[in-house]
Amino acid sequence: MTDAELIAKLQADLGGRIEIDNPGPRRLFLKIAAPDLVPVVTRLRDAFGVVFLSTISGLDLGATFEIIYHFSTPTQDLNVRTEVPREAPRVASITPLIPGAILYEREIQDMFGIVVEGIPDGRPLLLPDDWPAGQFPLRKDWHYDRPVEVIPGGES
Amino acid sequence: MAVLRTLLYLLVYPGLLFLFVYGTFSEWYDRKVYARLQNRMGPTHTGRFGLLQPVADFFKLMAKEDVVPDAADKGLFNALPAFGLAVVATSGLLLPVWNFSLAAPGWTSFSGDIIVMLYLLSLPTLVLFLAAWSSTNLFSTIGGARVLTMLFGYEVPLFLAVLSPAVLAGSWRLAEIAAFYQQRPALLLVNVLGFLVALVAVQAKLERTPFDIPHAETEIVGGTFTEYSGKKLALFRLTTDIEMVVASGLLATVFLGGFPGGALLGFASFVIKTLFIIFLLSLIRALTSRIRIDQVVSFAWRVLAPLAVLQLLATILVKGFLS
Amino acid sequence: MRIAAFLPELLRHLFKKPATVDYPFKKIALPEDFRGTPYLQPELCIVCKACERDCPAEAIEITAVGEPAEKRFKMVIHNDRCIHCAQCVDVCPTTPKAMQMDSLFELAADDRHKLKKDWVYVRAVIKPKAAAPAAPAAPVAEPKA
Amino acid sequence: MSFNIPIGPQHPALKEPISLRMTIEGEVITDADIRLGYNHRGIEKLAEERNWIQNIYLMERICGICSHSHATCYVQAVERLMEIAPPKRGMYIRYLVSELERIHSHLLWLGVAGHEAGFDSFFMYVWRDREIVMDLLEMVSGNRVHYAINTVGGVRRDLDETQKARILDGIATLRKRSEYYLHIGANEPSFVARIAGVGLLPKEQAVALCAVGPTARASGWDRDVRKEDPYAVYDELEWQVATADTCDVLGRVVVRIKELLESYNMIEQMIKKLPAGDIAVRAPRKAKPGETVSRYEAPRGENIHYIKANGTEKPERLKVRAPTLGNYAATVFMLKKGFVADIPLIFAAIDPCICCAERVVTLVDGRSGASSLVSLSDLRRRALDRPANALVKGKAEWPF
């Protein structure tokens with residue numbers, strides 16, 4: 001199934017809800033609105049056999065957060081991207097559809113503060129338990145001051 | 001004068017000093033053979049060829065801090081290492097190396113001393129279990145429980161295998177058994193099956209791979225010795241070394257026809273035969289991977305026990321033909 | 001399933017020479033272009049600070065010494081932070097290269113200051129090519145990104 | 001009565017700090033919770049402050065064993081962003097070093113699996129032969145662990161005739177040894193008893209939980225990025241994806257040794273077909289705005305980098321997902337079926353590179369009821385009186 005055929009089928013099937021662009025061989029980027037996420041992913045999984053989720057990347061674009069779901073099939077690499085406003089970053093969870101997605105959803109929750117509704121277990125993950133609430137490290141406005149390195153012993 | 005001779009007998013020649021030296025030497029020999037089998041060097045830098053490595057380990061541990069967990073049962077916790085060493089050293093006295101002459105048997109050679117030897121050799125396992133139980137550390141309770149479970153596995157085949165040559169020789173005295181097989185060396189071939197079963201059972205008694213589950217470091221940290229440190233750990237390691245020497249001495253007496261040729265020549269054959277058996281134990285240790293506790297018990301009852309019974313059957317048949 | 005499948009291999013190695021090397025007393029030969037520690041040949045350095053800019057571990061520090069006219073510089077290589085990637089050698093524009101790598105890798109020291117090496121030198125003037133005009137190329141002060 | 005046993009973050013079986021909390025009932029583990037973050041280094045945040053060249057060395061330090069994988073995956077993405085095509089010879093050398101790294105990583109894992117099961121002689125022999133490939137890597141790249149042979153636009157060192165000859169005969173001895181280890185790994189009864197039927201992961205679970213690499217291939221799911229999304233060199237070589245369908249640790253041993261044998265063929269083909277020409281092309285300092293996804297088959301599984309550039313010297317966003325993280329979901333599933341005594345072996349079977357997955361996330365499964373903290377050894381005591389009807393003792397006969 002070459003890229004062109006897949007684009008045609010996707011266009012036919014999902015039509016208005018997605019914009020497709022194909023920057024390179026075997027690379028497809030599908031842009032969809034946030035509410036359409038779960039129906040589109042279900043459709044992809046049932047009709048197009050897209051079952052393998054590589055990872056979910058979060059991006060801080062200033063006014064909005066962008067979330068990219070990197071799916072892959074034996075022939076192509078589909079990347080579904082949605083945007084959520086910065087004030088109310090909420091997105092639906094796709095773990096019921098693809099069990100392996102729980103990891104990555106918890107990461108964007110931790111790192112960007114995006115609330116994933118319906119996540120089976122939303123406990124904090126990577127950050128230490130005493131991490132101050134409301135601090136999301138991968139946001140562009142989060143800065144850390146690098147401590148000055150003090151080398152013990154001897155003249156500096 | 002007799003008191004001095006006995007003291008010397010107990011403390012120097014076949015007693016603690018000799019067993020300490022020969023125990024550490026056999027540990028060095030075991031580690032060197034195990035390393036060479038794995039194409040490694042083994043201990044090389046402490047003393048000539050690394051000979052003093054076990055001694056160095058022993059004295060290093062003696063100098064280390066000796067921690068006693070406060071939840072532990074202090075009395076038992078402190079007494080056990082010494083008790084374990086005493087039990088194993090006394091069983092060392094019974095070996096027919098130093099009381100070989102049938103005519104004037106010393107006080108350590110009497111009818112039935114093979115039974116006492118086997119009993120004394122199974123006591124250290126009990127000491128290990130008590131050490132694990134008294135140190136109230138969870139890792140060691142697991143290790144202790146595993147020690148007992150394995151005990152039920154390999155003990156019966158070991159006794160059967162070791163006692164069948166005694167049945168053929170028609171006597172319970174080690175010196176007489178050795179003498180019997182020295183006169184009829186052909187009969188040794190009858191016991192080859194028993195020798196193999198006893199080797200594997202002794203490997204399990206000494207808790208060496210593939211049976212070293214009680215202190216498998218990747219699963220339960222230190223196993224029975226988790227809480228022990230300093231002098232007590234040094235004594236326990238010494239006990240295991242001496243137990244290896246005594247067990248291989250017992251197997252040599254019963255299966256390889258004892259130690260003929262008076263004091264000096266007998267001692268030489270004692271050294272050669274025990275080193276040969278320790279070589280076989282190292283070989284088993286290098287050959288196999290550690291198996292799970294349930295596999296040990298099923299292996300013991302499904303393989304070792306039937307073979308031991310078969311060996312006993314063969315012995316009785318041969319005894320019938322002889323008489 | 002064969003009993004004692006490993007036996008022939010073990011016995012064959014029993015009397016062979018061990019494969020392990022007695023490290024501190026005997027050492028294995030290093031391959032010829034082994035990446036050890038970077039060092040500077042001061043007379044070739046044109047202080048373009050390419051190495052300082054591209055060093056992933058920020059282990060190179062070049063500072064001016066004395067008044068600017070004299071063009072005296074001091075370079076410190078923090079060998080305790082260096083990750084031995086030889087990127088400074090690759091990015092150095094001089095031919096022959098001012099930054100070189102030796103094959104020293106046993107760097108244990110009880111004090112990190114002992115690992116820092118520094119050179120004080122005057123900036124090298126690029127030897128004019130036979131035809132090219134003799135004006136020394138003023139080092140473009142690359143803004144430290 | 002459900003207990004919750006903590007293993008780690010410090011434990012002799014774990015080489016790196018990770019905490020496994022197992023909820024068990026009797027002998028069977030009912031639920032596992034893996035907690036990470038003990039050596040999280042925030043690499044994705046750091047990457048945003050380094051220029052493209054410095055990031056190569058940062059990417060290499062994500063993992064000590066598969067350092068070349070992360071560097072290659074990163075450099076592929078950057079070359080696509082900068083629209084520069086490295087010369088053919090540079091690509092061949094780059095993927096030659098990545099196959100050498102796969103050999104070194106698989107041999108390392110084979111030894112560790114032997115050690116976890118207590119088979120120390122196997123561990124000693126496998127690691128002695130691993131020195132051959134480590135010396136080859138040191139000869140080619142100048143360093144045993146972080147080879148740093150990649151640069152944006154190609155490689156930094158060339159191969160001459162003597163090096164090629166030494167690689168070929170190093171590979172020849174390694175092939176003989178690997179076949180011998182395949183024979184030992186599958187025929188030594190005490191070793192096979194520890195690994196057959198342990199850590200079962202049926203194929204549909206592997207697919208549902210998005211398992212990657214040899215763990216997925218040992219369950220009969222032949223996903224390999226080098227076949228699906230061949231980058232540069234792999235479509236010009238003949239090789240097959242190695243799979244086994246016993247779905248257990250024995251299957252993973254078999255898959256990894258088969259992959260070793262495939263790597264030997266590939267290296268020989270690469271050396272024969274090594275084209276002439278230069279090895280790198282000059283790369284600009286800034287990348288045009290854009291984004292790209294780059295995938296790479298690391299020894300442990302699929303490695304994926306997503307990079308977004310904003311036209312400056314530094315990446316706007318760099319997302320890395322290491323293969324070990326993909327396997328954690330499968331690990332929980334396997335642990336659930338597992339026995340307490342097999343925990344170290346099951347966990348070692350996915351060849352966890354904990355520092356790889358450290359930049360991201362924990363996994364947890366639905367918790368069942370309250371749990372009381374009891375140390376590991378209490379659990380092991382239950383491992384003793386194991387019920388006779390061993391729960392799932394798959395009849396794993398040898399697939400050949």
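Order of the sequence lines sets the chain letters (A, B, ...), proteins ahead of strands, with each chain counted from 1. The structure displayed is predicted, hence computed values, not measured ones.
- When atom types are taken as modelled, the side chain of B/Asn39 and the backbone of C/Ala19 share a donor-acceptor pair closer than 3.5 angstrom.
- Between chain C and the residues B/Arg40, B/Met41, B/Gln38, the largest count of heavy-atom pairs under 4.5 Å involves B/Met41.
- Summarising the geometry of C/Leu10 relative to B/Leu37, their closest heavy-atom pair is CD2-O, 3.4 Å, with the distance given to 0.1 Å.
- Using a 4.5 Å cut-off between heavy atoms, B/Phe279 contacts chain C through its side chain alone, with no backbone atom that close.
- In this structure, C/Lys117 places its NZ atom where more than 12 heavy-atom neighbours from other residues, nucleotides or ligands lie under 6.0 Å away.
- Within the 4.5 angstrom heavy-atom criterion, only side-chain atoms of C/Phe25, from C-beta onward, approach chain B.
- Annotation for C/Lys114: atom NZ counts as buried by contact number, over 12 foreign heavy atoms lying within 6.0 Å.
- Distance check, rounded to the nearest 0.5 Å: CG of C/Leu11 to CG of B/Leu287 gives 8.0 Å.
- Heavy-atom contacts from other residues, nucleotides or ligands closer than 6.0 Å to CZ of B/Phe49 number 12 or fewer.
- Scanning both residues, C/Asp22 and B/His45, for their nearest heavy atoms gives OD1-NE2, 2.7 Å.
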